[in-house]
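Since the structure comes first, as structure tokens, the remarks are kept for the end.
Just so it is clear: chains get the letters A, B, ... in the order the sequence lines come, proteins before strands, and each one is counted from 1.
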Amino acid sequence: MSKVTVATVWLDGCSGCHMSFLDMDERLIEIAEKIEFVYSPFVDVKELPESVDLGIIEGAVSNEDDLKKALKFRKSCKFLISLGDCAINGNVPAMRNKFSVRECFDRAYHENVTEHPIDPVGEGVPALLETVKPVHQVVPVDLFVQGCPPSADTIYYVLTELLAGRTPDPTTMTRFGA
Amino acid sequence: MNLDELNEIKEKQKKYNQSFDSYIKVCVAASCKSLKSDQIKDAMREKMDEKCQVKGVGCLGLCSKGPLVSVTVDTNKQILYESVKAEDVETLFNATCKKEAAKLPQCSLDQPFFKHQQKIVLENSGEIDPEVIEDYIEKDGYQALLKVLNEYGPEEVVREMMDSGLRGRGGGGYPTGLKWATVNKARSDLKYVICNADEGDPGAFMDRAVLESDPHRIIEGMAIAAYAVGASRGYIYVRAEYPLAIERLKRAIRKARSKGFLGQNISGTSFNFEVDIRLGAGAFVCGEETALIASIEGKRGQPTPRPPYPAEVGLWGKPTLINNVETFANIAPILRKGGAWYASIGTEKSKGTKVFALAGKIENTGLIEVPMGFKLRDIIFDIGGGVPEGLKFKAVQTGGPSGGCIPEDLLDLHVSYESLREAGSIMGSGGMIIMDETSKMVEVARYFMEFCKSESCGKCTPCRVGTVHMHDILDRIAKGTGTEADLSLLEELCDMVGQTSLCGLGQTAPNPVLSTLKYFRHEYDNLIQKQEQPQVNQ
Amino acid sequence: MSVLTLTIDGQEVGASSDQTILDVAKAHKINIPTMCFLEGLTPWGGCRICVVDVEGAPRPLSSCTTHVTEGMVVTTTTGKLESYRKMILEMLYAEGNHTCSVCVSNGHCELQDKAQEMKMDHVRLPYLNQNMPMDSTHEHFGLDQDRCILCTRCVRVCSEIEGAQTWAVAGRGVDSHIISDLGTPWGESDSCTSCGKCVQVCPTGSLVNKGNAVNEQIKKVNFLEHLLQMRGQ
Amino acid sequence: MAKRTNPKVDFPSDDKRWKILNATMKRNGYEGHALIETLHTAQDSFGYLDGDVLAFVAKYLNVSKSKVYGVATFYHYFNLKPPGKHTCVICTGTACYIKGADQLIHDIEDKYKINLGGTTLDGELSVMETRCIGACSLAPAVVLDGEIIGNVEENDLLKTLSGWMV
């Protein structure tokens with residue numbers, strides 16, 4: 001029985017959710033028998049395959065690059081999970097939403113900067129969106145796993161349920177900020 | 001003041017008012033007054049002699065042709081001059097004295113606008129001088145009050161109201177007699193009567209016209225209501241945007257008190273009734289009964305959940321009767337001519353007449369009063385004169401921000417509370433905004449939602465936050481960046497906000513959206529991008 | 001005040017006419033979710049989470065303010081009601097800036113509890129991202145408007161129980177916000193007695209004690225019932 | 001309720017307007033429910049409601065300061081910032097909106113670089129909107145310094161405004 005292909009990505013987040021994923025420790029071995037990472041920070045693959053069974057997105061959409069990745073994930077992955085509060089409600093990254101990008105640049109790159117203050121815009125630097133958005137406000141998402149980060153047990157529960165063909169109910173185990 | 005003294009004044013005033021050969025009546029209601037009609041009146045008044053009477057009067061109805069001057073020559077020939085200017089005073093006055101028609105722009109009086117109306121609420125508007133109580137008495141003013149105080153018991157008055165079939169003219173259409181009966185039955189040492197003159201609906205100005213043209217009518221109506229329900233204190237809650245109406249009401253209250261129609265032991269009976277004015281301060285939500293009460297109590301105009309209804313627990317916790325200006329304006333005629341007479345007018349369930357304010361893209365903007373059951377098409381094309389500049393009619397919006405729009409193919413409905421509700425709108429206070437082919441319905445829905453968003457009092461979540469989201473979605477759709485997902489979320493919000501909001505504002509805020517969706521769905525669909533493009537809005 | 005009978009969720013129950021539907025439901029262990037309601041304060045009826053279906057009423061009624069009447073038939077949970085309540089929660093989340101992970105009340109917040117109870121795992125409405133001020137001028141307490149859901153418990157406890165009447169709601173519609181005295185800083189208030197009742201009754205991390213880190217703000221509301229008993233109310 | 005004896009009022013200054021304000025409160029027996037009437041008198045005489053006025057009203061109507069501020073900020077009519085020397089209030093009721101009020105607003109906002117509810121920097125002109133002044137037959141209508149002007153054309157309005165902004 002071929003393994004379930006899984007792709008993960010972390011957009012504007014702190015990678016805590018991916019770390020929590022690894023906290024499954026010995027259960028990773030059991031999981032590894034059933035799934036195969038085809039694109040992820042955990043592996044070296046650089047290109048997202050055309051079709052993937054399960055996509056897991058951590059982090060909010062706060063710049064053009066995040067947006068491209070989210071759109072690509074939605075196109076390629078049959079089932080998409082928003083993992084963690086940043087992906088679900090913007091969480092800490094979205095705390096800049098009450099200010100304009102201009103105000104953020106002034107505060108971070110101009111105020112009390114003595115040497116050569118410039119805006120972080122240019123070749124190779126993805127432009128910031130005006131507001132940081134949860135993933136499901138740019139692409140439809142199938143499952144939301146709350147938490148900052150969601151505990152390893154919660155992630156394990158979600159994965160095993162999905163692998164067994166059932167739809168998990170993460171709210172029984174976690175909540176925003178859990 | 002008893003009936004004989006009243007009739008004495010009536011006869012004296014009638015004799016005085018008939019002692020002239022010709023009569024000049026200048027409209028000094030707010031919109032004509034803003035076109036300097038009061039200066040025209042003053043100029044003519046200086047010339048007044050015993051042969052030719054000059055009087056400032058209330059609204060003559062066809063405001064778009066203001067300033068209006070109505071001239072009556074040898075007792076029956078009537079001429080209506082339109083857009084009268086200051087320099088026309090000379091020619092107009094001299095011609096009238098010679099009983100001739102002046103060579104000035106005239107407004108034909110046998111056009112449908114005047115011919116097809118039936119006036120009860122507006123019967124004195126444009127006839128009497130609003131600042132002269134004797135003029136009101138000459139038109140049987142205060143007859144009903146004195147008759148009621150001397151011959152009727154409170155329950156009989158309520159019975160008469162029940163028979164008349166009159167329903168609330170504020171928009172809800174709750175049977176007035178039933179409301180009076182509830183307040184009458186409530187046991188309390190103190191009860192209040194409130195006249196709701198907040199008239200927050202944009203595009204509605206009939207209450208203003210009545211208050212400015214015939215203020216005593218409202219005082220008499222309130223006094224009769226107070227007697228019927230056992231109240232001794234009354235308040236008229238007027239919006240601050242109507243300074244002229246406030247001024248005329250204050251003068252009328254002073255005059256009525258000096259003549260003994262207000263105060264202690266009115267007409268020698270044990271009935272006492274005092275009326276005061278309370279000013280609004282710019283809050284549409286204060287048109288809602290419980291928010292209005294909070295405002296009179298000097299608080300933020302925020303509604304309280306009902307039940308309990310104001311009829312049981314109202315102003316300062318006492319039983320309170322609240323009716324709209326137009327409702328009170330119908331009371332005196334009903335008591336004078338009897339409930340059965342009133343019930344003979346209108347349809348089976350919607351009795352009497354209704355005043356409508358025609359505005360927007362229509363030839364004759366102004367006030368009209370027609371019996372219930374009048375055909376909507378005739379109001380717009382016959383009385384209203386149709387859409388100007390040859391443009392095609394598209395829809396008429398009734399009921400303001402809580403109402404809906406009615407398209408061309410439904411114009412043959414006969415106006416009543418029921419027929420308008422079936423068409424997906426409501427009667428509302430009577431504002432009718434006519435729109436032509438250039439109006440975009442999604443933009444109109446956005447306009448009314450923006451109105452509800454900024455007028456929401458903020459007390460309950462669904463209305464406070466829901467209107468913001470509904471407005472943002474409508475804004476996106478109107479700008480062409482809305483998606484299919486937006487539209488389904490909008491429809492879910494409309495249901496949720498309409499069902500769970502605490503008061504009428506939130507409950508009816510979705511109506512303009514639902515009715516434009518019902519009749520002009522294609523406009524929404526054309527604006528929504530077809531391909532499933534992500535909802536990225538910078 | 002007369003005794004009467006009514007049906008809630010098919011169950012025949014007795015009640016007295018001065019009780020609200022919520023009172024009766026509580027007395028019979030029937031759970032109706034509430035948010036702005038707090039035992040001991042006059043019901044506000046603003047959040048609308050406690051709406052229930054009452055036969056003959058055109059719309060759901062707020063159970064915290066609606067008094068029971070003889071023969072009333074009440075249904076507390078239907079699919080429709082649950083979707084309405086969930087949407088109200090989503091509105092509260094979208095209106096404020098509720099970043100739970102870094103909030104002092106994380107784990108001890110009634111809004112969080114409701115979201116979990118009603119399985120609200122994400123917010124479909126776009127966030128309003130309003131720029132809401134903070135007030136940390138008071139010596140012991142802080143006010144963070146980002147977390148405020150305008151339930152007005154603080155306003156009610158301050159005027160009804162403490163009597164200082166420091167708090168009030170200013171502005172209108174979505175611009176409504178909590179202010180002290182004349183919209184002046186809390187620390188400069190000459191009416192505030194620093195009793196801290198407002199902090200204890202605030203359901204979220206809006207009114208908090210200074211000096212608490214994330215997850216450490218725990219609130220105890222039972223002082224209210226105790227006080228009312230002492231006052232014989 | 002027992003009639004409260006009138007409080008002894010000490011006025012913040014001998015500015016006559018405080019006495020006018022006190023007269024309204026006195027006429028209503030210094031009752032709390034006269035708050036909105038009093039705020040109307042205050043705005044008509046002082047032009048706007050500042051902290052001193054609100055504190056004075058709160059003190060003598062025996063109403064908490066927070067409640068007075070809550071009421072003053074709830075109603076659209078009261079403003080807490082000084083209005084411009086000239087006021088231009090544009091009616092955005094339905095009839096005026098259908099007849100182009102929003103176009104008037106855009107023109108003014110572009111020309112004077114302020115948005116609705118704002119006052120020009122030199123304090124000359126404040127532009128506000130109001131919901132409906134009941135002059136629907138003269139739509140679009142504008143209230144210039146308290147005087148209703150009907151059937152307003154864009155260029156006439158801009159001409160009048162620039163006349164003020166000498």
Side-chain angles (χ1 to χ4, degrees), chain B residues 30-31 33-35 62-66 199-209 239-243 245 278-284 286 295-302 316 357-361 364-367 397 400-401 431 433-436 439 444 447-448 451 454-455 457-458, chain D residues 1 27-28 31-41 43-44 57 61 63 67-79 89 91-102 116-117 128-144 146-151:
Chain B
S31 53
K33 188 161 179 264
S34 69
L35 301 166
L62 195 49
C63 313
S64 54
K65 298 285 193 303
E199 194 164 49
D201 271 1
F205 51 95
M206 60 290 289
D207 291 355
R208 174 178 66 71
R239 63 201 304 251
E241 289 86 344
Y242 288 169
R278 274 290 190 269
L279 296 188
F284 168 71
C286 286
S295 192
I296 291 184
E297 289 170 350
K299 299 185 197 137
R300 289 161 61 84
Q302 295 191 306
W316 293 305
L358 292 180
K361 299 290 177 65
N364 304 332
T365 45
L367 278 186
Q397 219 279 347
I433 311 293
I434 286 82
M435 299 174 204
D436 60 25
S439 308
V444 168
Y447 165 81
F448 280 120
F451 179 89
S454 64
E455 293 298 333
C457 82
Chain D
M1 22 206 189
R27 187 160 37 80
N28 286 288
E31 290 287 346
H33 62 71
L35 177 56
I36 292 175
E37 305 299 308
T38 313
L39 291 181
H40 266 296
T41 315
Q43 171 138 322
D44 296 344
V57 169
L61 287 185
V63 173
K67 186 160 182 248
V68 170
Y69 190 80
V71 168
T73 52
F74 181 84
Y75 293 99
H76 194 68
Y77 191 78
F78 300 134
N79 45 41
V89 185
C91 176
T92 52
T94 326
C96 292
Y97 162 76
I98 293 279
K99 290 272 187 84
D102 46 1
L116 222 46
M128 288 168 273
E129 71 169 326
T130 178
R131 277 303 161 200
C132 180
I133 49 173
C136 307
S137 50
L138 308 171
V142 170
V143 184
L144 299 178
E147 214 205 309
I148 300 176
I149 313 287
N151 305 323

Chain D interface, residue from [options] that has the most non-hydrogen pairs under 4.5 Å:
options: B:Lys65, B:Gln397, B:Glu241; result: B:Glu241
options: B:Ala240, B:Ala283, B:Gly301; result: B:Gly301
options: B:Gly200, B:Gly282, B:Ala357; result: B:Gly282

So, for [X] and [Y], which heavy atoms are closest and what is the spacing to 0.1 Å?
X: B:Phe205; Y: D:Gly134; result: CB-O, 3.5 Å
X: D:Ala95; Y: B:Gly360; result: CB-N, 4.2 Å
X: B:Phe448; Y: D:Thr94; result: CZ-CG2, 3.5 Å

For this session: Output, in order, the C-alpha distance, side-chain angles, deciding distance and verdict of side-chain contact (heavy atoms from CB on, under 4.5 Å) for D:Tyr77 and B:Arg239.
Result: CA-CA 10 Å; D:Tyr77 191 78; B:Arg239 63 201 304 251; over 6 Å; no

Nearest 0.5 angstrom please: [X] [atom1] to [Y] [atom2], how far?
X: B:Arg278; Y: D:His40; atom1: CZ; atom2: NE2; answer: 10.5 Å
X: D:Glu147; Y: B:Lys33; atom1: CD; atom2: NZ; answer: 9.5 Å
X: D:Cys136; Y: B:Leu358; atom1: SG; atom2: CG; answer: 10.5 Å
X: B:Glu297; Y: D:Leu35; atom1: CD; atom2: CG; answer: 12.5 Å
X: D:Ile98; Y: B:Asp436; atom1: CD1; atom2: CG; answer: 8.0 Å
X: B:Arg300; Y: D:Lys67; atom1: CZ; atom2: NZ; answer: 11.0 Å

Problem set entry | Winner by heavy-atom pair count (cut-off under 4.5 Å) against chain B, out of D:Gly93, D:Ala34, D:Cys91, D:Cys132 |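 Of the candidates given, the most pairs with chain B belong to D:Cys132.
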
For this session: Go through D:Ile149, D:Thr73, D:Val68, D:Ile148 and name the one with the most non-hydrogen pairs under 4.5 angstrom from chain B.
Result: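 The residue among D:Ile149, D:Thr73, D:Val68, D:Ile148 with the greatest pair count is D:Ile148.
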
For this session: Could you tell me which residues satisfy side chain to side chain contact (heavy atoms under 4.5 Å, CB included) with D:Leu138, sequence neighbours excluded, listed by chain and number?
Result: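 Expected list: B:Ser31, B:Ser34, B:Leu35, D:Ala135, D:Asn151.
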
Residue part contacting chain D, namely of [X], when any heavy atom lies under 4.5 Å:
X: B:Cys286; value: side chain
X: B:Ile433; value: side chain
X: B:Glu199; value: neither

For this session: Please check if any side-chain donor atom of B:Ser295 sits under 3.5 Å from a side-chain acceptor atom of D:Tyr75, or the reverse.
Result: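 Distance-only check passes for B:Ser295 and D:Tyr75.
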
Exercise. With side chains defined as the heavy atoms from C-beta onward, is the minimum distance between B:Phe451 and D:Thr92 less than 4.5 Å?
Worked result: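 A side-chain contact under 4.5 Å is absent here.
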
